[in-house]
Amino acid sequence: MTLLAFARGPALQAAVLIMIAGICWRLAGIFLLRRRKRFALPRASVTGRIGGAFTTILTRFVPRRTFWPRIAVSVMLSGVFHIGLLIILLGGAPHIQVIHQVTGLTWPNLPKGLIVIVSGLTLASMIGLLIRRVLNPVLRLLSTVDDYLSWLLVFLPVLSGVLLSGETIGGYGTLLALHILSVELLMIWLPFGKLMHMLLVFAGRGAMGIDFARKGAAT
Amino acid sequence: MTDFSFLADDALVDALIMEIAGLLRRLIEHGEAGIIDVLGLPLPPSCVASLEQRLGHGEVTVRLDAAGASEIRETGIPGVWWTRHSNEQGRLVAMLIEVTFVPEILKANIADVVRGAERLPALTNVALRARGADVALRARGAGRPHDAS
Amino acid sequence: MSPDAVPPQPKAPPSPANGPDAVQVTKAWHAFISDIGPTAALALESCVHCGRCAEACQYYVQTGDPRYTPIHKIEPFKQAYERRSGPFAFAYRLLGMAPKVTAEELETWQELIYDSCNMCGRCSLICPMGIDIASLVEQARHGMFDAGLVPPDYLGAIAEKEHASGSPFGLTIPQFHDLLHDIGRKHGVVMHVDEAKADIVPTLSSIDVKTYPASIAATAKLLNHMGASWTFRTDGFDADNVSLTAGDRAGQRKITLAIVQAAISCGAKIVLMPECGHSFTEMRWEAANSFGGELPFRVLQITELIAEGLTDGRIRVNKVTEAATYHDACQLSRRGGATAAPRVIMAALGLDLHEMEDAGDTNWCCGGGGGVALINRAQPLRDKAFQIKQRQVDATGMATVYTSCSGCRQTLEHGGKAANWNKTVASLLERVANNLKD
Amino acid sequence: MMHHKETLGTMLARCGFGRRGLLKFAIAMTSSLALPPSVAPVMAANLAKAKRRSVIWLSFQECTGCLETLLRSSSPTIDQLIFDFISLDYQESLMAAAGSAAEQTLREAMAANKGEYLLAIDGSIPVKDGGVYSLTGGRSNLSMLEEVAADAKAVLAIGTCAAYGGIPKAYPNPTGAVGVEDLVSNKPIVNIPGCPPVPEVLSGVLVHFISFGRLPELDDRKRPLAYFGTTIHDQCYRRPFYDQGKFAKSFDDDGARQGWCLFELGCKGPVTHNACASLKWNGGTSFPIEAGHGCIGCSEPDFWDAGGFYTSLAGGSATGWKSAGIAAAVGLAGGAAAALSTRIATPLEDAPASPPEKTPPEKTPPDKLP
């Protein structure tokens with residue numbers, strides 16, 4: 001059993017199962033709490049519940065213009081990071097291959113050179129985010145071990161991915177194994193820490209969207 | 001084969017020419033021969049072709065038949081030889097740029113010369129008649145050079 | 001039952017003299033987690049510590065003190081949630097990851113949860129994760145109240161008095177009855193008080209009773225002009241609901257249900273909320289939940305009523321030649337969705353409105369809402385918040401700033417006096433009442 | 001007949017190959033062994049003077065594929081003759097003798113060249129149940145290996161089976177097959193994996209051994225670095241398509257016809273160390289990828305169990321839906337338990353006052369004033 005066979009075999013299966021169980025556990029733990037019935041009559045001129053949820057989910061991707069000056073750095077860095085990560089995951093040929101294996105969907109991939117450039121930008125933005133988290137007094141006050149651990153568990157896959165695409169140290173086999181193992185660490189930690197925000201972001205914004213749309217208030 | 005022409009050939013060609021110049025200077029000053037194993041270098045075929053074309057043709061072209069065909073050609077630069085060796089299946093097994101007065105392989109090897117010398121006496125008319133061979137008497141076909149027995 | 005759950009019985013808040021001890025700490029986190037539904041749980045679970053909410057909060061923006069980061073204000077209660085009712089609560093307790101909330105912690109957090117938070121919801125608007133931090137602070141206040149940690153000077157005191165007597169200033173019903181008729185006589189307005197049947201039951205903010213009686217008269221004048229059948233109800237008039245801002249759930253429900261019962265007993269079709277922010281949020285969106293069913297009447301804020309009256313002709317006003325700017329009350333516009341009504345009114349009045357920067361949904365809070373105006377030691381913080389509003393109004397170059405919330409009006413006036421600011425702060429209701437066209 | 005004292009040079013001359021042929025062969029070998037060109041004359045000289053080197057070839061649990069490919073019958077070439085020169089003293093498939101006579105030959109060869117003969121092995125060695133699953137003349141390969149390897153100068157494990165256990169070692173490995181390196185530790189071992197291995201690699205190793213008296217430089221898996229230092233992927237002529245992200249999606253789509261990269265069709269080139277892409281097969285004719293099929297990684301240990309030949313390296317053996325379902329159920333149960341315990345711990349104490357039986361007021365439409 002080579003490291004790669006281990007990474008693509010039992011380790012992958014264990015990570016997937018832990019992630020699925022963890023996600024279901026956390027979501028069930030949240031959504032099965034007692035729900036207070038809301039009796040107040042919604043405002044007449046209001047979009048429906050689904051409309052409200054979607055508006056907030058979409059509009060919160062871009063902060064309101066008036067906030068930009070004060071959060072420009074945060075928006076820029078996290079924007080480059082998230083969009084970069086999305087391009088890597090949805091544009092990289094091997095990633096499409098994995099998605100195809102799981103879902104059967106496939107689509108044309110971006111050239112590897114472009115993906116490497118985007119990965120470089122993503123790494124840079126992540127380092128920027130880390131520096132900001134350490135230096136900014138607000139972020140230093142808020143940050144917990146989970147923030148730094150989650151940062152690391154996302155940084156390692158992107159870094160190993162870049163090294164893999166360059167096929168430099170240790171050759172393709174070892175680098176691919178390390179890349180997959182680092183993703184598996186991410187998958188294992190995902191449900192229990194900050195990375196769960198990948199799912200909670202939609203649920204959270206949706207919940208707020210529904211509540212505020214009911215009141216006809218700003219979403 | 002994929003066309004690699006888009007790669008910047010000139011840089012590679014220039015580098016090789018500089019190396020050949022270095023080997024030539026060493027040959028002139030110290031009499032030391034030098035060899036560049038072209039097949040061993042990760043060069044695109046277009047670059048090898050433009051180098052060979054740039055070095056040009058000299059006065060000597062030798063065809064060698066030994067364990068497959070080989071061609072040893074002096075380039076336009078005296079002392080710089082372009083050698084191609086193929087094996088019995090005709091596959092190119094080595095391509096060299098030899099910087100020397102005359103490539104080693106052209107010289108007859110002492111062991112072969114000694115064996116050749118032992119065979120020579122057998123070719124005289126007296127030896128042939130002694131063996132009752134009527135071949136020479138008919139004096140029609142001249143003996144082909146490597147007809148050993 | 002989790003081992004150390006204490007059967008909660010709401011009673012008058014204990015005197016906070018000797019500071020919180022273990023029992024009160026338990027009551028604190030128990031009150032907080034007692035009504036956490038999926039939405040609140042989602043909010044507590046999805047914070048990614050990006051720090052953007054600080055950039056929207058006037059207290060961080062003006063002081064630069066990271067402690068005023070909105071999400072940080074509920075940190076001890078978030079830990080309590082994780083330890084007690086989060087999905088992985090058993091793991092947090094087992095591994096001791098979220099430390100137990102300590103008494104000292106609660107005490108230091110009092111200033112963060114009360115003095116430096118108007119529950120204005122501007123942070124909820126910037127949060128990329130869609131966390132309604134304002135409502136979490138409100139829930140945190142439930143905990144602080146149960147632990148007897150409401151700032152005593154004088155939000156705690158007023159909340160106590162309101163819980164006991166039904167009015168923040170402890171007015172008895174007869175005193176209040178006479179007061180209304182005095183205002184009617186002084187302003188020459190027919191007052192309807194405690195009539196058996198009426199279509200509209202207006203409610204009052206105690207700030208108006210104390211400082212702006214003219215706006216009470218204006219309300220009466222307006223309703224008479226409309227020819228509607230209306231009456232004040234002394235058995236259900238206090239719109240303020242200081243208990244809400246203090247975190248006293250029992251008091252909040254008692255005050256709210258008093259209004260509901262009064263309105264039902266006289267068959268009202270509309271309960272009218274005065275020029276006040278939190279009262280509208282409480283009555284319009286929360287009262288039905290306390291009532292446990294759909295309210296048998298509509299709840300309208302006074303600006304909504306005027307806007308509707310102007311559009312269907314029941315209210316007619318004379319044009320005014322005046323230019324002014326308008327300050328939105330957070331609970332009415334951002335949190336309440338009634339941003340449009342004042343604009344309709346000012347347009348009908350022909351008032352030349354110069355909107356200030358960040359008007360409407362993303363307005364900066366006046367600094368007085370959410371009970372902060374009733375906390376003396378919060379004065380420096382309020383002044384800092386006021387500076388933003390001062391800059392914004394000065395930028396419009398207008399001499400007058402209208403508003404539809406007496407809380408804002410009083411806070412802006414006090415701030416203005418302190419900074420000898422030569423602007424007049426006026427009520428939109430009174431402007432309408434003084435320009436009715438009979 | 002072989003003259004024991006004869007040198008390779010005289011033997012080649014006898015077969016019509018002069019020293020030029022030998023020098024040319026040495027030049028080709030130096031290039032393929034990635035040695036500096038100046039080494040060629042030295043190698044040629046050493047080869048000429050090289051004395052007979054006895055080789056004993058033991059075939060264990062094997063399919064004779066390695067033997068087939070190494071001793072092919074195409075026109076006699078120099079490396080073919082070198083094989084003859086090394087006087088393969090014992091090879092069950094090739095030698096005339098059989099049965100006890102064959103054993104006798106083996107013992108004689110071992111005695112005559114004690115400590116000097118090369119031991120070439122193809123096929124894995126089953127060790128389960130005392131090695132009973134592969135016997136030669138009633139003797140287990142296990143015991144034969146121990147005995148013969150003891151006096152060998154070096155051991156050549158030819159083919160993935162001999163090197164790493166190969167296909168017999170694939171799960172569930174009923175015979176307990178292992179590679180030579182798992183059993184022999186006190187001898188220099190050269191692994192020449194591949195199923196079958198590239199023929200030129202063996203001649204390269206032999207020539208290096210004969211001309212320099214020592215084995216070529218090996219990597220951490222004891223493979224000659226000259227041939228196994230890079231992966232197929234590194235030397236693959238389709239690499240530009242890989243870099244441009246042009247992948248064949250099926251074996252007969254237009255991408256495949258244009259010779260695009262076969263990564264998505266399961267090619268294991270990137271993780272397989274071998275010289276197929278540079279030396280190619282059948283005298284440089286072609287190699288699997290050039291023929292349009294992905295590399296299956298046959299020279300890597302446990303290649304048979306390293307995921308399907310047609311699942312791409314990027315894929316993995318994902319969990320089945322059933323086990324995923326179970327995991328989800330476990331999660332939901334845990335979450336539900338947590339939520340339930342919270343509900344119990346926080347009874348609805350502020351039950352709202354029961355609303356009076358409401359006389360349903362006629363519904364005023366929300367927008368109209370009374």
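This structure is a prediction, so every number in the text was calculated from the model and none was measured.
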Heavy atoms of other groups near A/L58 CG, more than 12 under 6.0 Å:
yes
Between atom [atom1] of [X] and atom [atom2] of [Y], what is the distance when rounded to the nearest 0.5 Å?
X	Y	atom1	atom2	result
D/L340	A/L32	CG	CG	9.0 Å
A/I20	D/I326	CD1	CD1	11.0 Å
D/F247	A/I96	CZ	CD1	9.0 Å
D/L313	A/Y172	CG	OH	5.5 Å
D/K249	A/H100	NZ	NE2	8.5 Å

Could you please state which residues from residues 220-229 of chain D sit under 4.5 angstrom from chain A, measuring non-hydrogen atom to non-hydrogen atom, sorted by number, or 'none'?
none
Please output the residues of residues 250-274 of chain D in contact with chain A, using a heavy-atom cutoff of under 4.5 Å, in numerical order.
D/F263, D/E264, D/P270, D/V271
Would you confirm whether A/R34, through its side chain, and D/A339, through its main-chain N or O, come within 3.5 Å as a donor-acceptor pair?
no
Strictly distance-based, threshold 3.5 Å: is any side-chain N or O of A/R26 a donor or acceptor partner for the main-chain N or O of D/G335?
no
Side chains of residues 104-111 of chain A: which donor-acceptor partners sit under 3.5 Å, not counting sequence neighbours?
from: A/W107; atom 1: NE1; to: A/L90; atom 2: O; distance (Å): 2.7
from: A/N109; atom 1: ND2; to: D/G245; atom 2: O; distance (Å): 3.0

Can you name the closest pair of heavy atoms from A/A28 and D/A336 and give their distance?
CB-N, 3.9 Å
Distance-minimising heavy-atom pair for A/R8 and D/S312
NH2-O, 3.5 Å
Engaged part of A/L4 at the chain D interface, taking heavy atoms whose separation is under 4.5 Å:
side chain
Interchain contact, A/L17 with chain D, by part (heavy-atom threshold 4.5 Å)
both
Heavy-atom cut-off 4.5 Å, strictly under: side chain, backbone, both or neither for D/T231 against chain A?
neither
Flag the one option from A/L33, A/V98, A/T174 with the top tally of heavy-atom pairs under 4.5 Å to chain D.
A/L33
Using a 4.5 angstrom heavy-atom cutoff, name the option from A/A7, A/A21, A/A14 with the most pairs to chain D.
A/A21
Between D/A306, D/A329, D/G334, D/A314, which residue shows the highest count of heavy-atom pairs closer than 4.5 Å to chain A?
D/G334
Relative to chain A, which of D/D234, D/D243, D/D305, D/T230 shows the most heavy atom pairs under 4.5 Å?
D/D243
Run the side-chain donor-acceptor check on residues 184-191 of chain A: report pairs under 3.5 Å with partners two or more places apart or on a different chain.
from: A/E184; atom 1: OE2; to: A/L12; atom 2: N; distance (Å): 3.2
from: A/W189; atom 1: NE1; to: A/D146; atom 2: OD1; distance (Å): 3.0
from: A/W189; atom 1: NE1; to: A/S150; atom 2: OG; distance (Å): 3.2

